[in-house]
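Keep in mind it's a predicted model, so treat the numbers as computed, not measured. Naming: A, B, ... by sequence-line order, numbering from 1 per chain.
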Amino acid sequence: MNIQQFQHDLITWFKEEKRDLPWRQTADPYRIWVSEIMLQQTRVDTVIPFYNRFLEKFPTLEALAGAEEQEILKAWEGLGYYSRVRNLQAGVREVSEQYGGTVPDTRKDISALKGVGPYTAGAVLSIAYGVPEHAVDGNVMRVLSRILLIEEDIAKPKTRKRFEEAVMQLISHEDPSSFNQGLMELGALICTPTTPKCLLCPVREHCAAFHEGRQNELPVKTKAKKNKSVSFLMAAIRQEDKFLVEQRPAQGLLAGMWQFPLLEAKADLLPAEAEEILTAVLKGDVDQAEKVISFKHIFSHITWEVEGFIAGGKNMEAPNGMRWVTVREMHELPMANPMKKMIEALKVRGVLE
DNA sequence: AACTCGTGGCC
DNA sequence: TGGCCAAGAGT
C-alpha cells in the first residue's frame, strides 16, 4: 500500500464530497465534543436537530456546566442513552474547574474526562486540535477491515486495538482531521455495511478486499444475542386535575426519567386486577381502572410489554419518590418513549389535552 | 470479556 | 415483521 497516495486520495475525496453538517461549521472544541457524544451509536439525521437545540440552549461549555440535571435530561429527551448527557456535563464541569474552561489537547488528559473513551478522545483531538490520533469507530473498522483485509471479529473488544494501530500507521500528519473524518465519511457514504459502492470509491485501488472481490465478506462480525421480554403495568392515576408520576432510579435504564407508576406484572391484566395491585402497592384508594393501551417497547437489550391503565385516586398521598403534577408540570419533566406512548394514548382517548 | 444502556430507520 | 444497524462508554 502506498500510504502517501492513500492519504491524498482519501482526503481529496473527503474535502470534495463531505456532507454539510452543523458540527462542521465550528472549530470550538466544546461543540465538537458535544457532537461526538451525540453521534455515539446514533444516526447523523437523528442527531442534527438535537445538536442545534442543545447548543442553542447551552452555547458554551460554561453554560452546560452551570445547568440543572433535569434541564440537560430534558434537552436529551428522545435521543436515548441518557447517561451520555450526565457524563458529558460531568466532563464539562471538570474542564471548567481543572482546565480553566479549555478542553485539554492530549489523549491522557481528555481520556480522563467522564464519557470520553478511546474513540471520542481521538475524534476531538484530531478534529478540534489537528492532533494525529486514532479515532476508531464502527465505520473505521468496517472500512479498514476491507482495505487491509483484516478478518478479526470486529464485535470483540480486543479487535479495536488492531485498528487503532493500523490508523496510527496510516494517518496523515498534515491533516489528521480530514483523514479521520474521511474514513468515517467513506464508511457512511460508500463503504457501507451491505453492498458497498466500490465503483464510486476513491480508494478502491488501495483496497485489498476489492482486489480479491471479497468486500461483501467483510467485516467479520458475530451476531448479538436477542433480548428478553418483561411485562409491566403502567397506571395514569388521576386525582382532581393532577396525575401521579414517579422518577426512575438514578442508576440503570432510563435513569432519572419520569413516568407514570410502573410495576412489573403478569401479562393480560384485567382492570380489576390492576386496581388490586395498585391499591396494595400505592397504599391508596384506586378505582375506576380502564385499560387504555397495550404496547411493546423495544430497547437494545430488553423488551417491555406494557399494559397501560387509567384510574382514579381518592385522598391519596404521593408515596415516596412520587409526585402529583398537573399536565403542564408533567410536560416539563424529562420523559422517555414508553411514557410518551402512554401520554399519546391518553390524548387519543380524550383524557389529556 | 460480557453485559448494560435508547431510538428510529431500513429491508 | 424481526433483526440489524448508527461517529461507544461504563462497569
Side-chain angles (χ1 to χ4, degrees), chain A residues 14 18-19 21-24 32-51 73 76-88 90-91 110-128 134-143 153-161 163-164 167 177 179-189 191-195 219 221-230 248-257 259 296-304 334-341:
Chain A
F14 174 70
K18 65 180 177 184
R19 291 166 290 177
L21 303 173
W23 43 91
R24 289 180 175 161
I32 290 165
W33 182 5
V34 170
S35 76
E36 292 300 339
I37 300 300
M38 287 191 170
L39 285 163
Q40 289 170 7
Q41 299 291 287
T42 311
R43 287 185 154 72
V44 164
D45 289 343
T46 302
V47 166
I48 290 172
F50 282 91
Y51 176 85
L73 270 180
W76 211 266
E77 179 186 281
L79 194 52
Y81 287 143
Y82 298 98
S83 65
R84 287 185 294 178
V85 73
R86 258 189 292 261
N87 289 338
L88 172 61
I110 201 169
S111 296
L113 301 172
K114 282 273 194 343
V116 178
Y119 163 76
T120 303
V124 174
L125 289 174
S126 61
I127 297 171
H134 59 78
V136 174
D137 71 337
N139 283 312
V140 173
M141 287 197 283
R142 181 175 61 256
V143 169
D153 182 358
I154 67 166
K156 295 201 177 307
K158 196 171 79 176
T159 305
R160 197 195 67 241
K161 290 193 172 70
F163 288 98
E164 289 173 350
V167 170
S177 171
F179 182 89
N180 279 342
Q181 292 189 77
L183 282 180
M184 291 187 276
E185 196 79 344
L186 194 64
L189 302 180
C191 196
T192 46
T194 59
T195 63
K221 187 178 186 183
T222 54
K223 298 177 193 288
K225 64 168 195 178
K226 50 180 183 182
N227 64 14
K228 296 185 173 181
S229 193
V230 189
R248 296 180 58 80
Q251 306 280 334
L253 186 63
L254 306 179
M257 307 295 278
Q259 63 192 13
K296 274 188 191 184
H297 185 81
I298 303 168
F299 296 99
S300 46
H301 62 296
I302 198 168
T303 298
W304 285 5
M335 302 177 287
N337 274 353
M339 174 62 168
K340 291 185 168 182
K341 288 181 183 176

Next on the checklist: By the definition side-chain contact (heavy atoms from CB on, under 4.5 Å), identify the one residue from A:His134, A:Met141, A:Arg142 that meets it with A:Phe163.
Outcome noted: A:Met141

Checklist entry - Contact class for A:Gly187 vs. all strands (heavy atom < 4.0 Å): base, sugar-phosphate, or nothing? => result nothing

Checklist entry - Does A:Asn337 have a side-chain nitrogen or oxygen under 4.0 Å from the phosphate oxygens OP1 or OP2 of B:dG8? => result yes

Next on the checklist: Between A:Tyr119 and A:Glu36, is the side-chain hydrogen bond (donor to acceptor under 3.5 Å, both in side chains) condition met? List the steps.
Outcome noted: CA-CA 9 Å; A:Tyr119 163 76; A:Glu36 292 300 339; 2.6 Å; yes

Next on the checklist: Heavy atoms only, 4.0 Å cut-off, all strands: where does A:Thr120 land among base, sugar-phosphate and nothing?
Outcome noted: sugar-phosphate

Item to check | hbond_proxy A:Arg43 side chain to C:dC5 base (donor-acceptor, 3.5 Å cutoff) | outcome: yes

Checklist entry - How far, in whole Å, is C:dA9 from B:dG8 if one measures between their P atoms? => result 22 Å

Next on the checklist: Any base atoms under 4.0 Å from A:Val116, or only sugar-phosphate, or nothing? Heavy atoms, all strands.
Outcome noted: sugar-phosphate

Next on the checklist: Can you check the distance between C:dC4 and B:dC3, where both ends of the measurement are the P atom (answer in whole Å)?
Outcome noted: 16 Å

Item to check | Any residue meeting ring pair (Phe, Tyr, Trp, His ring centres under 6.0 Å) with A:Trp23, in chain and number order, not counting sequence neighbours | outcome: A:Tyr51

Checklist entry - What's the closest nucleotide to the A:Arg142 side chain, out of C:dC4, C:dA9, C:dA6? => result C:dA6

Item to check | Whole-angstrom distance between C:dC5 and C:dT1, as gauged at atom C1' | outcome: 16 Å

Item to check | Proximity of A:Phe299 and A:His297 rings by center, below 6.0 Å | outcome: yes

Next on the checklist: If you compare all heavy atoms of A:Ile154 against all heavy atoms of A:Pro219, which two are closest, and at what distance to 0.1 Å?
Outcome noted: CD1-CG, 3.6 Å

Item to check | Shortest non-hydrogen separation from A:Tyr81 to A:Ser300 and the atoms involved | outcome: OH-OG, 4.1 Å

Item to check | Approximate separation, where rounding is to 0.5 Å, of A:Met339 CE and A:Met257 CE | outcome: 10.5 Å

Checklist entry - Of the nucleotides C:dA6, C:dA9, B:dT7, which has the atom closest to the A:Pro338 side chain? => result B:dT7

Checklist entry - Which residue lies toward the 5' end of DNA chain C, A:Ile127 or A:Gly115, if each is placed at its nearest nucleotide? => result A:Ile127

Next on the checklist: Regarding A:Arg248, tell me which of base, sugar-phosphate or nothing describes its non-hydrogen contacts under 4.0 Å with the strands shown.
Outcome noted: nothing

Atom pairs, N/O to N/O, protein against nucleotides 1-4 of chain B, distance under 3.5 Å?
none

Next on the checklist: So A:Leu21, base contact, sugar-phosphate only, or nothing? Heavy-atom distance under 4.0 Å.
Outcome noted: base

Checklist entry - When the nearest nucleotide of DNA chain C is assigned to A:Lys114 and to A:Arg19 on a heavy-atom basis, which residue is associated with the more 5' position? => result A:Arg19

Item to check | Among B:dT7, C:dG10, C:dG8, the one nearest A:Asn87 by side-chain distance | outcome: C:dG10

Checklist entry - Counting any heavy atom closer than 4.0 Å, what does A:Trp23 reach on the DNA or RNA strands: base, sugar-phosphate only, or nothing? => result base

Checklist outcome for this item: A:Gln259 CD to B:dG6 C1', in whole Å, measures 14 Å

Checklist entry - Whole-Å distance between C:dG8 C1' and A:Met141 CE? => result 9 Å

Next on the checklist: Rounding to an integer number of angstrom, what distance separates B:dC5 and C:dG2 when you compare their P atoms?
Outcome noted: 23 Å

Item to check | Nearest atoms (heavy-atom pairs only) where A:Ser126 meets A:Asn180 | outcome: OG-ND2, 3.0 Å

Checklist entry - Which part of the nucleic acid does A:Ala135 contact within heavy-atom distance under 4.0 Å: base, sugar-phosphate only, or nothing? => result nothing

Next on the checklist: Taking the minimum atom-to-atom distance to the side chain of A:Lys226, which one of C:dA9, C:dC5, C:dG3 wins?
Outcome noted: C:dG3

Next on the checklist: Need one value for A:Ile298: base, sugar-phosphate or nothing, where a base atom within 4.0 Å counts as base even if backbone is also close, heavy atoms only.
Outcome noted: base

Checklist outcome for this item: Sorted by chain and number, sequence neighbours left out, side chain to side chain contact (heavy atoms under 4.5 Å, CB included) with A:Ala155 holds for A:Asp153, A:Lys221, A:Thr222

Next on the checklist: Using a 4.0 Å heavy-atom cut-off, does A:Ile302 contact any base of the nucleic acid, only the sugar-phosphate backbone, or nothing at all?
Outcome noted: nothing

Checklist entry - On a plain distance test, is the side chain of A:Thr46 in donor-acceptor contact with the base of B:dG9 below 3.5 Å? => result no

